[in-house]
Amino acid sequence: SLHSGHHTVVTTGTGSGKTESFLLPILDSLVREKEAGTLGPGVRALLLYPMNALANDQMKRLRQLLAKYPDITFGRYTGETEQAPIKAREKFADLNIGEPILPNEILSREEIRDAPPHFLLTNYAMLEYLLLRPLDFELFGDGDSWRFIVVDEAHVYDGTQGAEVAMLL
């Protein structure tokens, strides 16, 4: 369904493969772009999470998956993301003892703005800032590179919060 360009909703229990149902088609799309020689910088997939803890867990998963694909970049832009590259590397080292920094993981806000990653993970509160701040709005470019928006854990967005997320999207 995703490969054909259709909007898709996946609902199933915990541990049943929801994450793979969106990560694999996105990765496939990026690998195809690479093979065609058209994989330039720019966000292709926005992965939206209701809280930083879920985005952080997904970053660990992406590190494992994308270690084999150094041309496909990824980054997390939340309130916890450091502004400067040096501070971001120090923080990474403190939080991920013994883990190497992958060359395709973009760690700081400055680096994300300079070279937007293919996978951008954030939360709905930060998405609002990204859309409002002129420096961050550049992440959205002309919109030609964007292909996927993933709203993970969509069931938690109800009432006013659900309306807010809908308006942001």
Side-chain angles (χ1 to χ4, degrees), residues 1-36 38-69 71-81 102 104-107 109 112-113 115-133 136-169:
S1 179
L2 287 173
H3 185 66
S4 300
H6 294 102
H7 300 289
T8 305
V9 175
V10 177
T11 60
T12 184
T14 301
S16 60
K18 286 187 298 291
T19 300
E20 289 75 14
S21 72
F22 64 80
L23 276 184
L24 294 177
I26 295 169
L27 183 58
D28 176 65
S29 174
L30 292 167
V31 168
R32 288 176 190 265
E33 272 192 72
K34 171 69 176 147
E35 290 172 351
T38 58
L39 183 65
V43 177
R44 303 303 194 279
L46 174 72
L47 281 58
L48 190 65
Y49 294 92
M51 59 188 81
N52 288 348
L54 294 172
N56 294 342
D57 286 346
Q58 194 63 259
M59 286 298 289
K60 292 176 186 175
R61 192 172 202 164
L62 284 175
R63 279 186 202 110
Q64 293 172 346
L65 179 65
L66 297 177
K68 299 173 187 168
Y69 299 95
D71 295 319
I72 298 174
T73 58
F74 63 105
R76 179 196 62 167
Y77 199 130
T78 66
E80 298 173 356
T81 305
L102 297 177
N104 52 339
E105 182 174 0
I106 303 175
L107 297 174
R109 292 179 182 202
I112 287 172
R113 288 177 186 135
H118 300 119
F119 282 94
L120 179 64
L121 287 74
T122 193
N123 57 55
Y124 75 94
M126 185 56 72
L127 178 59
E128 183 174 4
Y129 288 121
L130 295 174
L131 289 167
L132 291 174
R133 293 189 298 221
D136 294 325
F137 189 75
E138 294 298 317
L139 291 173
F140 301 97
D142 56 13
D144 287 342
S145 66
W146 285 77
R147 291 202 178 63
F148 302 94
I149 298 176
V150 175
V151 181
D152 205 355
E153 302 292 335
H155 67 280
V156 303
Y157 301 117
D158 60 0
T160 304
Q161 187 181 47
E164 181 181 348
V165 170
M167 294 301 290
L168 288 171
L169 295 175

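Computation of the quantities below employed the complete heavy-atom set of this structure, encompassing side-chain atoms and omitting hydrogens, waters and symmetry-equivalent molecules. Everything numeric here is computed off the predicted structure, so don't read it as measured data. Numbering starts at 1 and runs along the sequence shown.
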Distance-minimising heavy-atom pair for Asp71 and His118: O-CE1, 3.3 Å

Are Phe22 and Phe148 near enough that their ring centres are under 6.0 Å apart? no

Over all heavy atoms of both residues, which pair between Phe140 and Leu130 is shortest? Give the atoms and the distance, please. CE1-O, 3.6 Å

The reported gap from CZ in Arg44 to OG in Ser29 (rounded to nearest 0.5 angstrom) is 8.0 Å

Run the side-chain hydrogen bond (donor to acceptor under 3.5 Å, both in side chains) test on Arg76 and Tyr49 for me, step by step, so that the C-alpha distance in whole Å, both residues' side-chain angles and the decisive distance to 0.1 Å come before the verdict. CA-CA 11 Å; Arg76 179 196 62 167; Tyr49 294 92; over 6 Å; no

For the pair Asp152 and Gln58, evaluate side-chain contact (heavy atoms from CB on, under 4.5 Å) and give the outcome as yes or no after the intermediate values. CA-CA 10 Å; Asp152 205 355; Gln58 194 63 259; 4.2 Å; yes

Check this for me: Tyr157, atom OH, are more than 12 non-hydrogen atoms of other residues, nucleotides or ligands nearer than 6.0 Å? yes

Kindly give the heavy-atom pair with the smallest separation between Leu127 and Thr122, and that separation in Å. N-OG1, 4.1 Å

Here the pair of heavy atoms bringing Pro50 nearest to Val156 is CB-CG2, 3.5 Å

With a 4.5 Å cut-off on side-chain heavy atoms, are Asn123 and Met51 touching? no

If you measure from CG on Leu48 to CE on Met126, what distance do you get to the nearest 0.5 Å? 12.0 Å

Of all the heavy-atom pairs spanning Leu107 and Thr81, show the shortest one and how long it is. O-CG2, 3.4 Å

Mind checking whether Leu23 and Val150 have side chains closer than 4.5 Å, heavy atoms only? no

Distance (rounded to the nearest 0.5 Å) between Leu102 CG and Thr73 OG1: 12.0 Å

Could you grab the distance from atom CG of Leu27 to atom NZ of Lys68, nearest 0.5 Å is fine? 10.5 Å

Check the pair Asp28 / Leu24 against side-chain contact (heavy atoms from CB on, under 4.5 Å), numbers first and verdict last. CA-CA 6 Å; Asp28 176 65; Leu24 294 177; over 6 Å; no

Give a yes or no on whether the backbone of Leu66 and the side-chain of Asn104 come within a donor-acceptor separation of less than 3.5 Å. yes

Would you call Asp57 and Arg61 a salt bridge, taking side-chain N to carboxylate O under 4.0 Å as the test? no

May I have the step-by-step check of side-chain contact (heavy atoms from CB on, under 4.5 Å) for Gln161 and Tyr124, ending in yes or no? CA-CA 9 Å; Gln161 187 181 47; Tyr124 75 94; 2.5 Å; yes

Indicate yes or no: at least one non-hydrogen side-chain atom of Leu30 is less than 4.5 angstrom from one of Tyr69. no

Identify the heavy atoms of Pro117 and Ile106 that sit nearest to each other, and give their distance. CB-CD1, 3.7 Å

When rounded to the nearest 0.5 Å, the distance separating CZ of Arg109 from CZ of Arg133 is 5.5 Å

Which is it for Met59 and Glu105 under the side-chain contact (heavy atoms from CB on, under 4.5 Å) test, yes or no, and what are the steps along the way? CA-CA 9 Å; Met59 286 298 289; Glu105 182 174 0; 3.2 Å; yes

Separation between CG of Leu121 and CG of Leu47, rounded to the nearest 0.5 Å: 4.5 Å

